[in-house]
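Note that the coordinates shown come from a computational prediction; the quantities given were computed from them, not determined experimentally. Residues take their numbers from the sequence shown, with the count starting at 1.
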Amino acid sequence: MIHTIIKYLLISTTLFFCSCHKPKTDIITPAKQLIERQIGERAQSIHFEYIEPSDGKDIFEVIASDGRLTLRGSSSVAICYAFHTYMKEACKSMKTWSGEHITSVMPWPDYELYEQVSPYELRYFLNVCTFGYTTPYWDWERWEKEIDRMALYGVNMPLATVASEAIAERVWLRMGLAKEEIREFFTAPAHLPWHRMGNLNKWDGPLSDAWQQNQIILQHQILTRMRELGMQPIAPAFAGFVPEAFVQKHPDTQFRHMRWGGFDEEYNAYVLPPDSPFFEEIGKLFVEEWEKEFGENTYYLSDSFNEMELPIDKEDKEAKYKLLAEYGETIYKSIAAGNPDAVWVTQGWTFGYQHSFWDKESLKALLSNVPDDKMIIIDLGNDYPKWVWNTEQTWKVHDGFYGKKWIFSYVPNFGGKNTMTGDLDMYASSSVKALCAANKGNLIGFGSAPEGLENNEVVYELLADMGWSSDSIDLDDWMKMYCEARYGGYPDAMEEAWKLFRKTAYSSLYSYPRFTWQTVIPDQRRISKIDLSDDYLQAIRLYASCADELKSSELYRNDLIEFVSYYVAAKAENFYKQALKDDLENRVLAAQRNLQQTVDLLMDVDRLLASHPLYRLEEWVELARNSGTTLQEKDAYEANAKRLITSWGGIQEDYAARFWSGLIKDYYIPRIQLYFTKDRDKIREWEEQWITSPWSNSTTPFDDPVKAALNLIEKTNK
């Protein structure tokens, strides 16, 4: 006891000394305001202090003694993560996308955590595609909550691409194009990520004046809050893609016409050659116009080759390397022309995804003429080499990226599909192995880049902690802490349930975890693996058996609704697969019986999910419609939002398959019913009609969803 008191006094003295060295900006006020948004007036009783970073890296400390809580940190984000850690570990509380479990413990419980230092300078979050699969129609109210969540998770480097098209429009006007020529270049809002990466033009567009103006306003709000919290946002830069009207105006320029996604040529991008003087001129204007509107920035994202190969002679290696070196140099110079202090950020996804094209010499060539301190590679998908590509992790293949700075990251889902999936063991250890590797190169950051948010919350909670850990996390201990904070308890059945979840759904990561009834027939192009094992179903039953003890917890109830919905959907999957087999073997009556069993169960799922805070089509449609300023625009945005999660376009059919109430009842069920009729060849026509027709919710939720969930388990076990 005496030793502890002496230790506390010594550390307190040191911290008092450190807090006298004021940071350049006020880090306390933004953190305090954020915490007030989380817990209200209780934040007034917290004491905040600044401490110096540790060798340039964020550090935080938490001291709670005799009812007094002190949060110390080297940045606003460090203080926010300190608060999140304290609430989770000491107060058994958690706030998430799907709800919260906040205890009203006062006075503050005793707790101490000294000198936790992040091993990373940068903690990255978001994916270019997130701005299509989740955020395209978000308003400021929703963005404010997400930025708060980022800070609580310790993120200090978020992607910030809102209003890219409004800035691009100003550039193209300066380059002599008419507004009508520019507007037809842009896709509709939900497809803009693929426009920004040069994959897709025109699709479902154009954009309106109101959209462009409102996005500028929204981006100001986003950037102001991010910067208040000390975050370093990544802004969009020019990647070489130009409107078709610009191509027509300059017939002497040798543009390359790219291919992507199975779309007709008119929707594919034209890219400038690296030796064109236009490249640097336009790139300079992009940065200048962005900074004129939003202020100075350091990090700029430019991706010229996302999932696309240059149309070149693959046998002529020297020509390939020369061209890539020219592109790398030109992209960097085009950014630096607008801001000499800027750092080029690029996604490393394509280097792993197209590993046959990006051999060592090719990537070395791309990077060769870019200063090491002026580039960061986000090694986006360190989970996919193991689960999909059957390769070494990309940073290993490329020797830590040949001296360039890089960020270790994961892509925990494609398309925002929300079925349970992820490799928790890998997430708890793989980044630490990179930190300790002799060939790690200039590893400066950690992050996650989900294509869609609001799913698999256990994954993101774990990844947040890994951004502050130099050691692997013991999942047995961590899971106990997680469940106590999320649900308010960890009974034996819950412990056993999560052991089985970790053995099944959370020990599996495939690109396309979907049920067969979500694709009508098995998808032959993409492996749609989803866990239907007995162990997985047993885990859900064990989880449900904790209802009497934990049903007062909002997050327990919401997870129960979600897990039991998967349980019943798995039962429906068995009937549906049998119906397909019966149909193939021309057993018409048997096929109809099994189809009806499928439909009956899925209707129960749809009704149960109607009580979930996230998994509802209604929310998605409402956000889209609220973004429109006229009835015509509202209808167009709704159609665009629905298209992205259904037919998508090109060869991306059912790519973003969502497990949502409303979508199950009004899209998936009628579609499979149509397939089992003589009009199955009209499915594409039916899909388009559904997408373009305004939708309204007709699902009535259960009066008592917890009771209904338990009854459905019992019903489907008979």
Novice: So Thr70 and Val62, do their side chains get closer than 4.5 Å, heavy atoms only?
Specialist: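 No, side chains not in contact.
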Novice: State, yes or no, whether a side-chain contact exists between Ile182 and Pro243 at a heavy-atom distance under 4.5 Å.
Specialist: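 When only atoms from C-beta onward are counted, Pro243 and Ile182 do not touch, as no gap falls below 4.5 Å.
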Novice: Is it true that a side-chain atom of Gln393 and a backbone atom of Asn382 form a donor plus acceptor pair closer than 3.5 Å?
Specialist: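 Confirmed, Gln393 side chain pairs with Asn382 backbone.
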Novice: Under a 3.5 Å threshold, yes or no: a donor from one side chain and an acceptor from the other, between Gln38 and His84?
Specialist: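 No, no side-chain donor-acceptor contact under 3.5 Å.
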Novice: Please check this pair: side chain of Asn199 against backbone of His195, looking for a donor-acceptor N/O pair closer than 3.5 Å.
Specialist: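 Between the backbone of His195 and the side chain of Asn199 there is no qualifying donor-acceptor contact (under 3.5 Å).
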Novice: Does the side chain of Glu291 come under 3.5 Å of the side chain of Asn339 through a donor N or O and an acceptor N or O?
Specialist: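 There is such a pair (donor and acceptor under 3.5 Å, judged by atom type) between the side chains of Glu291 and Asn339.
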Novice: What's the separation between atom CZ in Phe408 and atom OG1 in Thr394, rounded to the nearest 0.5 Å?
Specialist: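 Rounded to the nearest 0.5 Å, the CZ-OG1 separation comes to 10.0 Å.
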Novice: Could Arg123 and Phe125 be counted as a cation-pi pair, given that NZ or CZ must be under 6.0 Å from the ring centre and within 45° of the axis?
Specialist: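 Judged by the rule (NZ or CZ under 6.0 Å from the ring centre, within 45° of its axis), Arg123 is not positioned above Phe125.
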Novice: Rounded to the nearest 0.5 Å, how far apart are CG of Asn156 and SG of Cys80?
Specialist: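 Going from CG on Asn156 over to SG on Cys80, the span is 12.0 Å.
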Novice: Using side-chain hydrogen bond (donor to acceptor under 3.5 Å, both in side chains), reason through Trp349 and Glu307 one step at a time and then give a plain yes or no.
Specialist: CA-CA 8 Å; Trp349 168 261; Glu307 298 185 356; 3.1 Å; yes
Novice: Report yes or no: does Asp303 contribute a side-chain atom to a donor-acceptor pair with the main-chain N or O of Ala239 at less than 3.5 Å?
Specialist: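 No, Asp303 side chain to Ala239 backbone: no donor-acceptor pair under 3.5 Å.
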Novice: Just verifying a value: how many Å separate Tyr124 OH and Met150 CE, rounded to the nearest 0.5 Å?
Specialist: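 Answer for the OH-CE pair, Tyr124 versus Met150, is 10.0 Å.
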Novice: Inspect the surroundings of OH in Tyr353 and state if more than 12 heavy atoms from other residues, nucleotides or ligands are less than 6.0 Å away.
Specialist: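 No, not enclosed.
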Novice: Are Tyr153 and Glu461 side-chain neighbours, meaning at least one heavy-atom pair lies under 4.5 Å?
Specialist: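 Answer yes - side chains close enough.
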Novice: A side-chain contact here means heavy atoms from C-beta on lying under 4.5 Å apart; do Ser409 and Phe446 qualify?
Specialist: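 A side-chain contact under 4.5 Å is absent here.
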Novice: For a 4.5 angstrom cut-off between non-hydrogen side-chain atoms, does Val432 reach Met466?
Specialist: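 They are in contact (side-chain heavy atoms under 4.5 Å apart), so the answer is yes.
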Novice: Would you mind reporting whether Leu152 and Leu34 have side-chain heavy atoms less than 4.5 Å apart?
Specialist: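 In short, these two side chains touch, coming nearer than 4.5 Å.
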Novice: Donor-acceptor check, side chain of Asn214 to backbone of Ile217, threshold 3.5 angstrom: yes or no?
Specialist: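 Flag not set: sc Asn214 to bb Ile217 has no pair under 3.5 Å.
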Novice: Quick one: ring-ring contact (aromatic ring centres under 6.0 Å, His included) partners of Phe60, sequence neighbours excluded?
Specialist: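 Tyr81, Trp468.
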Novice: Evaluate Ser75 against Asp58 for side-chain hydrogen bond (donor to acceptor under 3.5 Å, both in side chains), listing each step before the verdict.
Specialist: CA-CA 7 Å; Ser75 67; Asp58 265 335; 3.1 Å; yes
Novice: Mind listing the side-chain donor-acceptor pairs of residues 268-278 below 3.5 Å, one per line with the distance, residues two or more places apart or on another chain?
Specialist:
{"unit_1": "Asn268", "atom_1": "OD1", "unit_2": "Arg259", "atom_2": "NH1", "d": "2.8"}
{"unit_1": "Asn268", "atom_1": "ND2", "unit_2": "Trp260", "atom_2": "O", "d": "3.4"}
{"unit_1": "Ser276", "atom_1": "OG", "unit_2": "Phe278", "atom_2": "N", "d": "3.1"}

Novice: Check for a donor-acceptor pair, side chain of Gln219 on one end and backbone N or O of Val162 on the other, with a separation under 3.5 Å.
Specialist: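 Pair found, side chain donor or acceptor close to backbone of Val162.
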Novice: Is Thr130 reaching over with its side chain to a backbone N or O of Asn127, donor-acceptor style, under 3.5 angstrom?
Specialist: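 Answer holds: yes.
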Novice: Treating His355 as the side-chain partner and Gly352 as the backbone partner, does any N or O pair qualify as donor plus acceptor under 3.5 Å?
Specialist: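 Confirmed, His355 side chain pairs with Gly352 backbone.
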Novice: Tell me if the aromatic rings of Tyr300 and Trp344 count as close, with their centers under 6.0 Å from one another.
Specialist: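 When the ring centroids of Tyr300 and Trp344 are compared, they turn out to be at least 6.0 Å apart.
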Novice: Is any side-chain heavy atom of Val128 closer than 4.5 Å to one of Gln347?
Specialist: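 Side-chain contact under 4.5 Å: yes.
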Novice: Counting N and O atoms only, with roles assigned by atom type, does the side chain of Ser208 sit under 3.5 Å from a partner on the main chain of Trp211, one being a donor and the other an acceptor?
Specialist: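 Such a contact is found between Ser208 side chain and Trp211 backbone.
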Novice: Could you note down all residue pairs passing ring pair (Phe, Tyr, Trp, His ring centres under 6.0 Å) where residues 317-336 supplies at least one of them, sequence neighbours left out?
Specialist: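 Counting only pairs at least two positions apart or across chains, the ring pair (Phe, Tyr, Trp, His ring centres under 6.0 Å) contacts touching residues 317-336 are Phe305-Tyr327.
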Novice: May I have the step-by-step check of side-chain hydrogen bond (donor to acceptor under 3.5 Å, both in side chains) for Gln212 and Glu169, ending in yes or no?
Specialist: CA-CA 9 Å; Gln212 300 285 56; Glu169 183 170 306; 2.9 Å; yes
Novice: Relative to each other, are the rings of Phe351 and Phe401 parallel, tilted or perpendicular (30° and 60° limits)?
Specialist: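 Tilted.
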Novice: So, Asp399 side chain and Tyr402 main chain: donor-acceptor pair closer than 3.5 Å or not?
Specialist: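 A pair under 3.5 Å: no.
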Novice: When you compare the side chain of Ile376 with that of Leu122, does any pair of heavy atoms fall below 4.5 Å?
Specialist: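 Touching, per the 4.5 Å side-chain cut-off.
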Novice: Using atom types as modelled and distance alone, determine if a side-chain donor or acceptor of Thr135 lies under 3.5 Å from a backbone N or O of Trp138.
Specialist: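 Side chain of Thr135 to backbone of Trp138, a donor-acceptor pair under 3.5 Å: no, none is there.
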Novice: Distance under 6.0 Å and angle within 45° of the ring axis: does Lys284 meet both against Phe238?
Specialist: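 Output no; distance or angle outside limits.
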Novice: Kindly indicate, with the supporting measurements, whether the criterion side-chain contact (heavy atoms from CB on, under 4.5 Å) is fulfilled by Val247 and Thr253.
Specialist: CA-CA 8 Å; Val247 175; Thr253 300; over 6 Å; no
Novice: What class does the angle between the rings of Trp389 and Tyr384 fall in, given that below 30° is parallel, 30 to 60° is tilted and above 60° is perpendicular?
Specialist: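 Tilted, since the angle between the ring planes falls between 30° and 60°.
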